[in-house]
Number of protein chains: 2
Amino acid sequence: MTQTKILLDESEIPRQWYNVVADLPTPPAPPLGPDGNPLDPSAMSAIFCDPIIEQEVSAQRWIDIPDEVREIYGQWRPTPMFRAHRLEKALNTPAKIYYKYEGVSAAGSHKLNSAVAQAYYNRQAGITRLTTETGAGQWGSSLSLAGQMFGIDVRVYMVKVSYGQKPFRRSMMQTWGGEVLASPTDQTEVGRRILAKDPECQGSLGIAISEAVEEAVSRADTKYSLGSVLNHVLLHQTVIGLEAKKQFEKVGDYPDMIFAPCGGGSNFAGAAFPFFADVAAGGKPVRMVAVEPSSCPSLTRGHYAYDFGDSEGFTPLTLMYTLGHDFMPPGIHAGGLRYHGASALVSQMYQEGLIEAVAVPQVATFEAGVTFARAEGIIPAPESNHAIRATIDEALRCRESGEQKTLFLNLSGHGHFDMASYDRYLGGQLEDYEYPQQAIEEALTRLPQVAMAE
Amino acid sequence: MTQTKILLDESEIPRQWYNVVADLPTPPAPPLGPDGNPLDPSAMSAIFCDPIIEQEVSAQRWIDIPDEVREIYGQWRPTPMFRAHRLEKALNTPAKIYYKYEGVSAAGSHKLNSAVAQAYYNRQAGITRLTTETGAGQWGSSLSLAGQMFGIDVRVYMVKVSYGQKPFRRSMMQTWGGEVLASPTDQTEVGRRILAKDPECQGSLGIAISEAVEEAVSRADTKYSLGSVLNHVLLHQTVIGLEAKKQFEKVGDYPDMIFAPCGGGSNFAGAAFPFFADVAAGGKPVRMVAVEPSSCPSLTRGHYAYDFGDSEGFTPLTLMYTLGHDFMPPGIHAGGLRYHGASALVSQMYQEGLIEAVAVPQVATFEAGVTFARAEGIIPAPESNHAIRATIDEALRCRESGEQKTLFLNLSGHGHFDMASYDRYLGGQLEDYEYPQQAIEEALTRLPQVAMAE
C-alpha cells in the first residue's frame, strides 16, 4: 500500500528556531527611526516586550524554543507532510509533489506557530493585553486562541472588507475570547481621521496595523503583536521547514523547488528558510519561490526602498519591496496577501538573487485550489492556492520536459472560512485584477524622504 | 514534556471492520417488508448494490477493509487521539479525559469513513451515480468527496433548514463536484406532495431520505447511500474505536466510560462497538453512553417499535427506538442529530441494557463546546458538543468523588461550518427545547400497524 502521510513524533518538534540572518551573505539593512537614523532597539519597547525585541534584532543562528511553547505546539505539531499521489496522477506529471499541511492547527493555519510564541513571551514579560490586526482572519484567530491559552486579553482590528466577507472568522475569535473590531474604527485617532475622510473606507492591513499600534502605545498594560513581516515572526515559522526537512529525510527525498504563498513573508520564510540553511552550508541548490497575487505584486513589481510598515507611518522605516505604505489593495479573496510590502528579510534575499518570486492571477489560483481539493480532499485557503498554482504550473512543465523534479509546497491553511470565495469562483463571478503600472509609478513619488535618498 | 497526541502509523490503519452483530447475546430482529414479513435481502437491491447488502445482513465478526479504501483512509487516518490535559486542568478534575479527533478528515467529520467505503463498493458494482440526504451537511460533504474520488456523480438532498443555516456546507459539496438541492424539492413526487401541503416546509432527514430513495428507485444508473442508521454504516465507522483501542494500549490506559453523540447511531457505534467486543470477550466492563439532544430524545424517551426509516414509508420497517417516522424536529443546531430514530443495533443494545443513553439540552452543549475550545483549541461540531457535555458532567462528578476515571469521547468533527450557531450561543440567543410528552404519546398512535402488533 502506498504511504500518503509522512508523520513525526511529538518528540521531534524542533527544539530551536532557525534565524536566517546568521546565514545571509550581507547583514540586513537596519530599520530607521523617524529621524532617518538607525533605530535603537529600545525605541521598540513601547509596542513590544523585551524578549520579542531581542529576537527581532538577533543574529544568532539557533534560538531555543521554550518548553511551554513546544508543549502547546504538541496539540497540532509536528504537522503532517503528504505525498500528493492523487494530484500527481490527476496532472499526469512525473514530478513528485509533497505538501506540508499547516491547516491542522485549531486556528486553521500556520499563524498559530508565532501566536503561541508571542503570547508566551508577552505573558513572561507580565503583559495582560495585546492588540493586533488581521486581514483574512487567520492571524486574529491565532492570537485570540494563543491569548486565551496564556490568560492574555486580545483585541483584534479586522480589515473591514474581510470582516464583511468572513463573519465566521469573527465568531471564531470570539469563541476563543477575542474582541474583534471592524477597522477603520472610531476607537483610535487614526481610525476617526480616516473615517472622516472616507466613511465607506473598507480598510487595509496598513490601517489596521496603525490602529493597533496607536492603542498599544497609549496603554501601559498593552503591547502590540504582528502576524508577519518582522524578523521574529519569520523566525517562529521556521518550525515548518525544520520539520519538513526531517520528513524528507524519512522518505529519502529532498526538494528541487519550494513554493509558498507570500504576503508579509512569514508563510514563505517558514517553509523555505530552513532549506536555505542547507544551501548556505554548501548543500544542494534548491529553488525557493515566493508566490504572490498579481493584484498585490510587491516583490515582482514593487520598489526596493525604505518604507513604513503601516499606512500612517507609526512604524520604523524598513528596507523592503513595497507598493507604497498608503497602498489600498483591491478586494481580492486572499486577504492574507493584501499587504503593501514584503518582509525585510525576504526582500533582501530576493534582491540578492537568493530566492525567486512569481505573481499569479486570482482566478487561476482558485482553479488550482479546486483541482487540489478534488484530488487530495483538503480545501485550501485562498492564500495557499497561490503556492498550489505555481506548483501545478511547474508540475505541468515537468510533464512536458519529462523531468522528475521533487516539488514541495506549503499548504499553509484550510479554506473552511473562505467558502464564499469558492462560491464566487464556482459561479464564474471571480475576476482578475492586474495591479496598474501607473499606481506603481505614483507610489514611488510618495515613498518617505529617506527612501529617495537611498 | 507532557505528551498530548497519541499517534499511530499509517500501517496501523485497521485491516478489518468489526461487526457487533457477531457478539450480540440475541440475534437482531429482522427488518420487515411492506407486508409485515421479514424482508428478503434482494428486496434492497433497488436502492443498494450487492456488496453493501451483503454487509448489511452479515453476522461475520470481522470484515476485510479493501486495500483501496485503506489507501484513501491514509489521507487522514489513523486519526489522532488526544489526552485533554488542558481541559482536565480547567475542570480541576482527577478524571483522565481522552478524545479521538475525527475532524482531521478533509470533510471535517467521521462521516468520510463510511462515504469512502460506500463509494468504493458502488463503483465496484458499476454504479456511476448516488443520491443521498444530508442534515448538518457532514454526510453530504463526505459523500461528495468520496464520489469525486471514485468518479461517481453525487446528488445530495439537503434538509432545507440546514441549507439555509449552513450555505458553506453547500459550497463545500459543490467544490468537490456534488450537486445539492434544498429538500423538500420539486424534483420528486414526495417533495412535490409535501410542498403542496406546506410550501414553507423546512424539511427533515426523514423527508430528504424519502426523496433520495424515490429517485434511486426510479433510475437504473443510480443507487442510494445512507450516512448512518444502517448496519453497514455502523460497521464502517468501527475504524474509530479500533484505532482508539491501539492508542489506549500505547499509553497503557483503558476507558472506564465512553461518550459519543447519538443521532442515527454511526458516530456512537464507531467509537463504542469495538470496546464492546472486549466486554463480550469477558474483558473489563466499560460503560458506553450514547448522548442525544433532549429535543430529539429517541433512545431516552422514544418507543421501541417497528417503524420506517423515512417520513414517507419507502424503507423497510426496522425495530428501533423511534419518535415516529413523521417526526418533525425542532430547528436545533446539531443538525446531524435531528433524526426520528436510532439505528436497530444501537436500539437493541440499549434495550438489552448493554449500553446507556442520556439526553442533554442544547444551550448546555454549546457551553461545553466553548469550554472545550478555550482549553483544547479545537472548536467542536455541535453534534460533538453533546458528547463533550456528558464527559464534562462526568469529570465534574469525579471532582466531587475524587475518582480517577478514564473518560473517552468521540470528537466526531469540527465546528467550522457551525459558527452561526456559536454566534447565537455567544449572543445569548440560543434556546433549549424539551421535546413535549404529548408528541411522544401521539406518535405511538401513528406507528405502523405491525408495531402495534409487537
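Just so we're on the same page: letters track the sequence lines, and every chain starts at 1. The structure presented is a predicted model; accordingly, all values stated were derived computationally and were not measured.
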Winner by heavy-atom pair count (cut-off under 4.5 Å) against chain B, out of A:G377, A:G427, A:A106: A:G377
Considering only heavy atoms from C-beta outward, does the side chain of B:K250 approach that of B:E12 to under 4.5 Å? yes
Heavy-atom distance under 4.5 Å to chain B: side chain of A:L112, backbone, both or neither? neither
Let's test your reading of the structure: which of A:H416, A:E376, A:M172 forms the most heavy-atom pairs below 4.5 Å with chain B? A:H416
Set out, in order, the CA-CA distance, both residues' side-chain angles and the distance that settles salt bridge (Lys or Arg N to Asp or Glu O under 4.0 Å) for B:E383 and B:K111, then state yes or no. CA-CA 12 Å; B:E383 291 78 16; B:K111 293 284 186 183; over 6 Å; no
So, do A:R15 and A:I65 sit near enough that their side-chain heavy atoms are less than 4.5 Å apart? no
Of all of B:D9, B:L145, B:T175, B:D418, which one pairs up most often with chain A through heavy atoms under 4.5 Å apart? B:T175
In sequence, state the C-alpha distance, the side-chain angles, and the governing distance for B:R70 and B:E10, and then conclude on salt bridge (Lys or Arg N to Asp or Glu O under 4.0 Å). CA-CA 9 Å; B:R70 286 186 76 234; B:E10 210 164 307; over 6 Å; no
May I ask you to name which of A:I379, A:L426, A:I72, A:L7 has the most heavy-atom pairs under 4.5 Å with chain B? A:I379
Heavy-atom contact with chain B under 4.5 Å, split by part of A:F417: side chain
How are the rings of B:F366 and B:Y425 set relative to one another: parallel (under 30°), tilted (30 to 60°) or perpendicular (over 60°)? parallel
Taking B:T365 for the side chain and B:Q362 for the main chain, is one N or O donor matched with an acceptor at less than 3.5 Å? yes
List the atom of B:S141, the atom of B:R169, and the distance in Å for their closest heavy-atom pair. OG-NH1, 2.9 Å
Is the ring pair B:F82/B:Y99 parallel, tilted or perpendicular, if the boundaries are 30 and 60 degrees? parallel
Proximity breakdown for B:R77 and chain A, heavy-atom pairs closer than 4.5 Å: backbone
Tell me, for A:I6 versus chain B, whether the close heavy atoms (under 4.5 Å) come from the side chain, the backbone, both or neither. neither
Quick one: what part of B:H414 sits under 4.5 Å from any heavy atom of chain A, side chain, backbone, both or neither? side chain
Name the region of B:A146, side chain, backbone, both or neither, that has any atom closer than 4.5 Å to a heavy atom of chain A. neither
Which one of A:Q174, A:H85, A:M149 has the most heavy-atom pairs closer than 4.5 Å to chain B? A:M149
Closer than 3.5 angstrom, by distance alone: can the side chain of B:S384 be matched with the main-chain N or O of B:G413 as a donor-acceptor pair? yes
Contacting region of B:E68 [heavy-atom separation from chain A under 4.5 Å]: neither
Proximal component of B:R86, with respect to chain A [non-hydrogen, under 4.5 Å]: side chain
